[in-house]
Peer 1: 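Take this structure, written in structure tokens, and hold onto it; I'll ask about it next.
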Amino acid sequence: MKVNNNIPKYVETFFKSCEIDEKLNRYSFFLIRYDGVVLYHNNNLANSISKSSIGALLGGVWQAAKALSDFIPKDKKSEDQNEGFRLSFDTSSQGVYVLPISVGSEELYLGLIYHNEINPGFVKNKIREMAAGFSEYLEQELKENFNHNQTRITENNNFLFGDITDSEMDRLFAFAKN
């Protein structure tokens with residue numbers, strides 16, 4: 001899977017610009033790449049586990065769940081079998097919640113680790129809203145970046161050798177035939 005080098009910049013910009021609900025921000029949440037690399041975390045680690053360990057574990061648990069989902073009988077009407085999937089490992093007041101964010105060829109996961117929550121449905125809904133907002137933002141940024149690059153390529157279509165003939169090419173590389 002191709003990783004867009006601008007994604008970390010977009011992640012930082014998004015999380016600096018969005019209002020994160022205070023109820024959600026009191027828990028640890030992470031945005032990770034498909035390979036477990038942490039792109040963002042909100043610095044609310046309640047224990048001594050490093051953010052890279054959590055990223056690797058969240059990525060691994062998602063990949064394992066995705067592999068298990070291959071055993072689910074396929075619905076012939078559905079084109080994307082993983083669309084709408086989310087992972088929840090929880091009790092009524094604490095747990096782990098992971099959502100996929102797919103934009104083009106990019107696959108990211110937004111994970112939440114929460115505890116002592118009276119209304120876990122509320123925080124799960126807030127994390128789903130955050131994932132949807134980030135997905136829209138990222139899709140727009142990638143589209144604008146692509147359009148900008150296409151415009152720049154079109155404008156710079158002035159070739160160094162515009163009208164070179166075959167005989168000129170043959171003379172240019174004649175040394176290679178010897």
Side-chain angles (χ1 to χ4, degrees), residues 1-12 14-15 18 20-21 23-47 49-146:
M1 178 174 297
K2 180 183 168 280
V3 176
N4 186 309
N5 294 332
N6 291 326
I7 297 280
K9 178 183 75 171
Y10 298 145
V11 169
E12 183 179 334
F14 175 78
F15 282 105
C18 77
I20 299 172
D21 187 279
K23 188 136 173 124
L24 186 62
N25 204 30
R26 70 184 187 148
Y27 302 120
S28 298
F29 62 88
F30 299 82
L31 183 68
I32 63 169
R33 281 192 334 215
Y34 68 95
D35 57 1
V37 172
V38 176
L39 299 174
Y40 178 83
H41 68 96
N42 66 339
N43 292 319
N44 287 334
L45 291 173
N47 55 29
I49 297 176
S50 72
K51 69 177 185 170
S52 59
S53 295
I54 290 177
L57 290 169
L58 286 176
V61 76
W62 182 266
Q63 297 300 325
K66 197 171 174 181
L68 283 171
S69 74
D70 288 341
F71 293 108
I72 299 171
K74 307 293 186 233
D75 180 8
K76 290 181 174 64
K77 296 177 189 174
S78 177
E79 292 179 19
D80 184 6
Q81 293 296 320
N82 293 321
E83 187 175 320
F85 276 99
R86 59 208 177 273
L87 181 70
S88 185
F89 183 76
D90 57 10
T91 66
S92 60
S93 65
Q94 60 190 5
V96 176
Y97 191 60
V98 184
L99 296 168
I101 300 173
S102 296
V103 177
S105 64
E106 303 296 330
E107 187 170 63
L108 308 171
Y109 310 114
L110 185 61
L112 171 70
I113 301 172
Y114 63 94
H115 54 87
N116 298 329
E117 177 55 48
I118 295 171
N119 189 354
F122 177 80
V123 293
K124 288 179 181 180
N125 187 50
K126 287 295 181 184
I127 205 83
R128 282 192 302 271
E129 288 174 3
M130 182 185 291
F134 179 71
S135 180
E136 289 171 13
Y137 170 79
L138 184 59
E139 193 169 293
Q140 183 64 31
E141 289 297 320
L142 292 175
K143 182 179 176 183
E144 287 176 13
N145 187 28
F146 177 78

Peer 1: Strictly below 4.0 Å, N to O, side chains only: are Lys126 and Glu129 in salt-bridge contact?
Peer 2: yes
Peer 1: Could you give me the CA-CA distance, side-chain angles and deciding distance for Phe15 and Tyr10, then say whether side-chain contact (heavy atoms from CB on, under 4.5 Å) is met?
Peer 2: CA-CA 9 Å; Phe15 282 105; Tyr10 298 145; over 6 Å; no
Peer 1: Which atom names give the shortest non-hydrogen contact between Tyr114 and Thr91, and what distance separates them?
Peer 2: OH-O, 4.4 Å
Peer 1: In Å, rounded to the nearest 0.5 Å, how long is the span from CG of Leu112 to CD1 of Ile127?
Peer 2: 4.5 Å
Peer 1: Which heavy-atom pair separates Pro100 from Tyr109 by the least distance, and what is that distance?
Peer 2: CA-CD2, 3.8 Å
Peer 1: Kindly give the heavy-atom pair with the smallest separation between Ala131 and Leu99, and that separation in Å.
Peer 2: CB-CD1, 4.0 Å
Peer 1: For the atom pair CD (Glu107) and CG (Asp35), what is the distance rounded to the nearest 0.5 Å?
Peer 2: 10.5 Å
Peer 1: Could you check Phe85 against Ile72 for side-chain contact (heavy atoms from CB on, under 4.5 Å), going step by step and ending with a plain yes or no?
Peer 2: CA-CA 12 Å; Phe85 276 99; Ile72 299 171; 4.0 Å; yes
Peer 1: Restricting to non-hydrogen atoms, name the atom on Arg128 and the atom on Tyr97 that form the minimum distance, rounded to 0.1 Å.
Peer 2: NH1-OH, 2.9 Å
Peer 1: Look at the aromatic rings of Phe14 and Tyr137 and report parallel, tilted or perpendicular, splitting at 30° and 60°.
Peer 2: tilted
Peer 1: Calculate, to the nearest 0.5 Å, the distance between atoms CD and CD belonging to Glu139 and Glu136 respectively.
Peer 2: 8.0 Å
Peer 1: Restricting to non-hydrogen atoms, name the atom on Leu108 and the atom on Leu31 that form the minimum distance, rounded to 0.1 Å.
Peer 2: CB-CD1, 4.2 Å
Peer 1: Begin with the C-alpha distance, continue with both residues' side-chain angles, and end with the deciding distance and a verdict on side-chain contact (heavy atoms from CB on, under 4.5 Å) for Leu24 and Phe122.
Peer 2: CA-CA 9 Å; Leu24 186 62; Phe122 177 80; over 6 Å; no
Peer 1: Between Val11 and Leu138, is any pair of side-chain heavy atoms under 4.5 Å apart?
Peer 2: no
Peer 1: If you count the non-hydrogen atoms of other residues, nucleotides and ligands that lie under 6.0 Å from CG in Leu68, is the total more than 12?
Peer 2: yes
Peer 1: How far does OG of Ser93 sit from CG of Asn119, to the nearest 0.5 angstrom?
Peer 2: 12.0 Å
Peer 1: Are Asp90 and Lys124 side-chain neighbours, meaning at least one heavy-atom pair lies under 4.5 Å?
Peer 2: yes
Peer 1: How long is the gap from CE on Met130 to CG on Leu110, to the nearest 0.5 Å?
Peer 2: 6.5 Å
Peer 1: Search all heavy atoms of Ser102 against all heavy atoms of Ser135 and return the closest pair with its distance.
Peer 2: O-OG, 4.2 Å
Peer 1: For a side-chain contact (heavy atoms from CB on, under 4.5 Å) check, start with the C-alpha distance between Ile32 and Ile54, then their side-chain angles and the critical distance, and finish with the verdict.
Peer 2: CA-CA 9 Å; Ile32 63 169; Ile54 290 177; over 6 Å; no
Peer 1: Can a donor-acceptor pair be found, under 3.5 Å and without considering hydrogens, that links the side chain of Asn42 to the backbone of Tyr27?
Peer 2: yes
Peer 1: For the pair Glu117 and Arg26, find out whether any cationic side-chain nitrogen is under 4.0 Å from an anionic carboxylate oxygen.
Peer 2: yes
Peer 1: Under a 4.5 Å cut-off applied to non-hydrogen side-chain atoms, are Phe134 and Tyr40 in contact?
Peer 2: no
Peer 1: Could you walk me through whether His41 and Phe29 pass ring-ring contact (aromatic ring centres under 6.0 Å, His included), step by step?
Peer 2: CA-CA 6 Å; His41 68 96; Phe29 62 88; 9.4 Å; no
